[in-house]
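Down below is the structure, laid out as structure tokens.
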Amino acid sequence: MDLSYTAEEQAFRQEVRSFLEEKLPKEMSDAVREGRGLGKEGHDRWHAILNEQGWLAPNWPQDFGGCAWNAVQRHIFEEECCRAHAPRIVPFGLTMLAPVLQKFGSKEQQDYYLPKILSGEHWWCQGYSEPGAGSDLASLKTKAVREGDHYIVNGQKTWTTLGQYANWIFCLVRTDPDAKQQEGISFLLIDMDTPGIEVRPIILLDGTHEVNEVWFTDVKVPVENLVGEENKGWTYAKYLLTHERTNIAGVGFSQAGLDAVKRLARSQMHKGRPLIENPYFAARVAQAEIDLMAMATTNLRIISAAASGQAPGVESSMLKVKGTEIRQEINDMARRAAGVYAMPFASEAVEGGNEPPIGPEGTAAVAAQYFNNRKLSIFGGSNEIQKNIIAKVKMGGRA
Amino acid sequence: MNFDLTEERQMLQDSLRRFLSDRYTTSVRNEILESEAGYSADIWGQLAELGVIGALFSEEDGGFGGAGFDISTVFEELGRAGVVEPLLDTALLGGGLIAALGNDDQKALVEEVIGGAVQLAFAHGEPTSRYELTRVETTATVEGDEIILTGKKAVVVNAEAADHLIVSARESGDVDATDGISLFLVPRDTAGLSLRGYALLAGGRAAEVDLDAVRLPVSARLGAAGGAWEAIAGVIARAEVALAAETLGAMETATELTRQYLLTRSQFGRPIGTFQALQHRVAELLIEIEQARSGVINAAGHLEGDTRMRDLNIAAARNLIGRAGRLVAEDSIQLHGGIAMTQEYELAHIAKRIVMAEHRFGDADTQLERFLDLSAA
Ligand SMILES: Cc1cc2nc3c(=O)[nH]c(=O)nc-3n(C[C@H](O)[C@H](O)[C@H](O)COP(=O)(O)OP(=O)(O)OC[C@H]3O[C@@H](n4cnc5c(N)ncnc54)[C@H](O)[C@@H]3O)c2cc1C
Ligand SMILES: Cc1cc2nc3c(=O)[nH]c(=O)nc-3n(C[C@H](O)[C@H](O)[C@H](O)COP(=O)(O)OP(=O)(O)OC[C@H]3O[C@@H](n4cnc5c(N)ncnc54)[C@H](O)[C@@H]3O)c2cc1C
């Protein structure tokens, strides 16, 4: 056991820090710090900056242009990015689809799609969930029927994050209606410009347009867009979910969030003294900090073990549950710290705009973020489903 | 002891509940939320006609209620339906202050409030006062037979719609002293008074109010110079009972929506309400609601008595409901899954009402602190 970072790791942290100081545009980090959306252009621009540095796809194998960083380096990178208020890397192409293509895709698919993920030419979204298939994903109904060189796709996906920016969608579709649920599913890549696709916005409770419905009516998809084998899609889908769950603990986000809460509580006054000195509030902050210190170590322990060959199983479910609970607790403290200034609806602050926000710095978006981040315990396998997984493995129960 | 509502209050509850469930549907409410005014003048008129505003005032003030249990009865129903119309601001705060301190001329406004003809706002909190009710930095200085108000007021709910703002300002004393605070009745179009309005996350509108040497006749003062504190504490106590009851009503709606949804939503081939893990969560919410109801009853029942007991029970109720409300809002969303994250689903608005109510006059921590201070006193 040794809790200290090695000299190389410290040098690496310095390298990341200098890069961010030099290359992260200020208006971008301001927007992230204030909780404003970046829009497609903003995300594209940040991806391009990272790509130029060769750091856009740290999780990819080196053969495909990845960084070959170990778990500790990835952790340092994430921590520094969050600390500097860098935008998050949009995960759908880079950390969800790419690993599937690298493991199960054909050489042609790898050569065609992977570079376009890096260049930003393809913006991907995830077409898994349907109105009737949420936690029970395998009950999905969107069907693809083979007709000559094409599949004809009909059905509806929902909750499609940033589908309004995407030009490609990877979908789970039912190709064998007669097989057992999990055995009739295939993994299809669909160009969203294909006729018959309609994207309809869903406005979330904080007023943001973040997710969409995607409707498919007789959409013709070339058979070469099938990944792997027909009816084996469930295997690939689950492989993708294990990658979706890397960085699931969100330690960097929590750290940045906690720093923001402290900043706010130092500037907000309570009975003529900074709020941070109020014992009730200070106790909340301290408890979150205690949880987070342990979480940071839990996270590193688990991802290091995974890197040295032990697969993270139930442990990633544990990271998901605890990590999201901590993040949500921090969001709750932020709205508390804002006091009465949590009440204004900061559409300007959330969506971007020219009006100066209402209230002191750092208060405009906190309540909206509190509500928006209720999603953390719902998506990516709800926290109840994660507990089912833990119980199934440890107690032989049903999941 | 008797825990039943009087016949009059039972009738008020029934008619208000019926009116709101017929007329204040999700789609009507969502339209109101999107509207520029942020409330419906039509609904307001009908609430006045139903006697809902009158129920918040005593007979002496021209109403037919005004006691703690009248307030809790009305506001529980408003909360149940997620009503955003500014009854708290116009009737309890604004109307309450005029009723408590006004002379006969000024009190004529109370009648208009009860009739639904006038809107009011209480401009009290300031950009750095947070939840500290005695911290007033806005100044009032007398110049001949005029008063000059200078300062800033924060998150003044209903300010844009208000015909008059009731502005607190300091005429003497330290910045956080109870003595020295006066109230002034300020027509919204008075020169020097400017508003920056905005929508609130949980519905309705508020404004940042700038008072740049606002000149008023001395007759605009409500009550004695520097002597408004008791009346302010009194109406805020009433408003806190209202907020507690409103949140209770909203908690009941959230839990009922959740209970119903779990019985109809199927995953893994069965209603998700058959999973015991989720049944227990609903059971916990139902337990919390019973506690919250008792908190409201304790607070409403002590509203008219000794002020220390009043404030202790209010702090207790609002601490309890702050905690329980958060649990109900968060778990209701969680148990629904994604659907509850959408703006158009009823629960989204109800959950926002519950959580954001904590931000008026003090969140659970602030109430805990008040409770401890009062317990020690
Ligand atoms: C903001 C947001 C973004 C999203 N982005 C995407 C995206 O880009 N692509 C995509 O495909 N999907 C996306 N999703 C969908 C997400 O994965 C689903 O919401 C999630 O799987 C839950 O499904 P559901 O919403 O249908 O809830 P349900 O599955 O209906 O669950 C409702 C409740 O029941 C509980 N529950 C269900 N089954 C059990 C059980 N067996 N035991 C105990 N409890 C159970 C759940 O935990 C939850 O509390 C997103 C969702 C949100 C909210
Ligand atoms: C101090 C004490 C005094 C008592 N006095 C009396 C008495 O005067 N008269 C009398 O008749 N009995 C008495 N009891 C017995 C008491 O009623 C039983 O302990 C109780 O019914 C639980 O049964 P058990 O101990 O066998 O636990 P179990 O029933 O085996 O339960 C073990 C655990 O499983 C949980 N569990 C069980 N079934 C379910 C389910 N379906 N869903 C979810 N969780 C479940 C329980 O909540 C518990 O946590 C007493 C017990 C104690 C400890």
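This structure is a prediction, so every number in the text was calculated from the model and none was measured.
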Legend entry - A:Asp332, part contacting chain B, at a heavy-atom distance under 4.5 Å: side chain
Legend entry - B:Glu344 side chain reached by A:Ile203 side chain, heavy atoms, under 4.5 Å: no
Inset, instruction - Using non-hydrogen atoms and a 4.5 Å limit, figure out which bit of B:Arg265 sits close to chain A: side chain, backbone, both or neither. - result: side chain
Inset, instruction - For residues B:Ser129 and A:Lys271, determine if any side-chain heavy atom of one lies less than 4.5 Å from a side-chain heavy atom of the other. - result: no
Inset, instruction - Answer yes or no: are there more than 12 heavy-atom neighbours, outside A:Glu198 itself, under 6.0 Å from its atom CD? - result: yes
Inset, instruction - Kindly indicate whether the side chain of B:Ile333, heavy atoms from C-beta on, has any atom under 4.5 Å from the side chain of A:Ile378. - result: yes
Inset, instruction - Would you mind checking which part of B:Ile272 comes under 4.5 Å of any heavy atom in chain A, side chain (CB onward), backbone (N, CA, C, O), both or neither? - result: neither
Inset, instruction - Count the heavy-atom pairs under 4.5 Å between each of A:Ser129, A:Ala133, A:Ser135, A:Pro131 and chain B, then report the option with the highest count. - result: A:Ser135
Inset, instruction - Give the intermediate values and the outcome of side chain to side chain contact (heavy atoms under 4.5 Å, CB included) for residues A:Tyr280 and B:Leu372. - result: CA-CA 12 Å; A:Tyr280 303 88; B:Leu372 276 170; 3.1 Å; yes
Legend entry - Under 4.5 Å from a heavy atom of chain B, the part of A:Ile202 involved: side chain
Inset, instruction - Please report the C-alpha distance between B:Val355 and A:Arg335 in whole Å, then the side-chain angles of each, then the deciding distance to 0.1 Å, and finally whether the side chain to side chain contact (heavy atoms under 4.5 Å, CB included) criterion is met. - result: CA-CA 10 Å; B:Val355 174; A:Arg335 73 154 172 103; 3.5 Å; yes
Legend entry - CZ on B:Phe275 to CG on A:Asn388, rounded to 0.5 Å: 7.5 Å
Inset, instruction - Identify which part of B:Ala277 has an atom lying under 4.5 Å from any heavy atom of chain A, answering side chain, backbone, both or neither. - result: neither
Inset, instruction - Decide yes or no for A:Phe371 and B:Glu330: does some side-chain heavy atom of the first lie under 4.5 Å from some side-chain heavy atom of the second? - result: no
Inset, instruction - For the residue pair A:Tyr341 and B:Arg130, establish whether any side-chain heavy-atom pair is separated by less than 4.5 Å. - result: no
Inset, instruction - Go through the atoms of A:Ala138 and report whether side chain, backbone, both or neither lie under 4.5 Å from a heavy atom of chain B. - result: neither
Inset, instruction - Step by step, work out the side chain to side chain contact (heavy atoms under 4.5 Å, CB included) result for A:Phe379 and B:Met341. - result: CA-CA 11 Å; A:Phe379 66 20; B:Met341 293 291 298; over 6 Å; no
Legend entry - Heavy-atom side-chain proximity of A:Met343 to B:Val157 below 4.5 angstrom: yes
Inset, instruction - Would you indicate whether the side-chain heavy atoms of A:Arg336 and B:Asp363 approach each other to under 4.5 Å? - result: yes
Inset, instruction - Using non-hydrogen atoms and a 4.5 Å limit, figure out which bit of A:Pro360 sits close to chain B: side chain, backbone, both or neither. - result: neither
Inset, instruction - Please determine, among B:Leu368, B:Thr366, B:Leu335, the option with the most heavy-atom pairs under 4.5 Å with chain A. - result: B:Leu368
Legend entry - Shortest non-hydrogen separation from A:Ala367 to B:Met356 and the atoms involved: CB-CE, 3.9 Å
Inset, instruction - Look up atom OG1 in B:Thr342 and atom CG in A:Leu204, then write down how far apart they are to the nearest 0.5 Å. - result: 8.0 Å
Legend entry - Proximity breakdown for A:Gln268 and chain B, heavy-atom pairs closer than 4.5 Å: side chain
Legend entry - Most contacts with chain A, counted as non-hydrogen pairs under 4.5 angstrom, among B:Pro127, B:Ala206, B:Ala348: B:Pro127
Legend entry - Any donor-acceptor pair under 3.5 Å from A:Asp136 side chain to B:Phe268 backbone: yes
Inset, instruction - Could you tell me which of B:Lys352, B:Arg135, B:Arg360 has the largest number of non-hydrogen atom pairs under 4.5 Å with chain A? - result: B:Lys352
Legend entry - Donor-acceptor contact below 3.5 Å, side chain B:Gln267 vs main chain A:Ser139: no
Inset, instruction - Let me know if A:Arg284 has heavy atoms under 4.5 Å from chain B in its side chain, its backbone, both or neither. - result: side chain
Legend entry - Per-residue contact mode, B:Glu132 against chain A (heavy atom under 4.5 angstrom): side chain
Inset, instruction - Measure the CH2-CD1 distance between A:Trp159 and B:Ile339 for me, rounded to the nearest 0.5 Å. - result: 5.0 Å
Legend entry - Region of A:Ala338 that comes under 4.5 Å of a non-hydrogen atom in chain B: backbone
Legend entry - Other residues, nucleotides, ligands: >12 heavy atoms within 6.0 Å of A:Glu361 CD: no
Legend entry - Between B:Glu369 and A:His270: side-chain donor-acceptor atoms closer than 3.5 Å: yes
Inset, instruction - Would you mind reporting whether B:Gln334 and A:Glu384 have side-chain heavy atoms less than 4.5 Å apart? - result: yes
Inset, instruction - Let me know if B:Ala329 has heavy atoms under 4.5 Å from chain A in its side chain, its backbone, both or neither. - result: neither
Inset, instruction - Assess whether side chain to side chain contact (heavy atoms under 4.5 Å, CB included) is satisfied between B:Glu208 and A:Ile358, documenting all intermediate values. - result: CA-CA 8 Å; B:Glu208 299 299 285; A:Ile358 304 290; 4.1 Å; yes
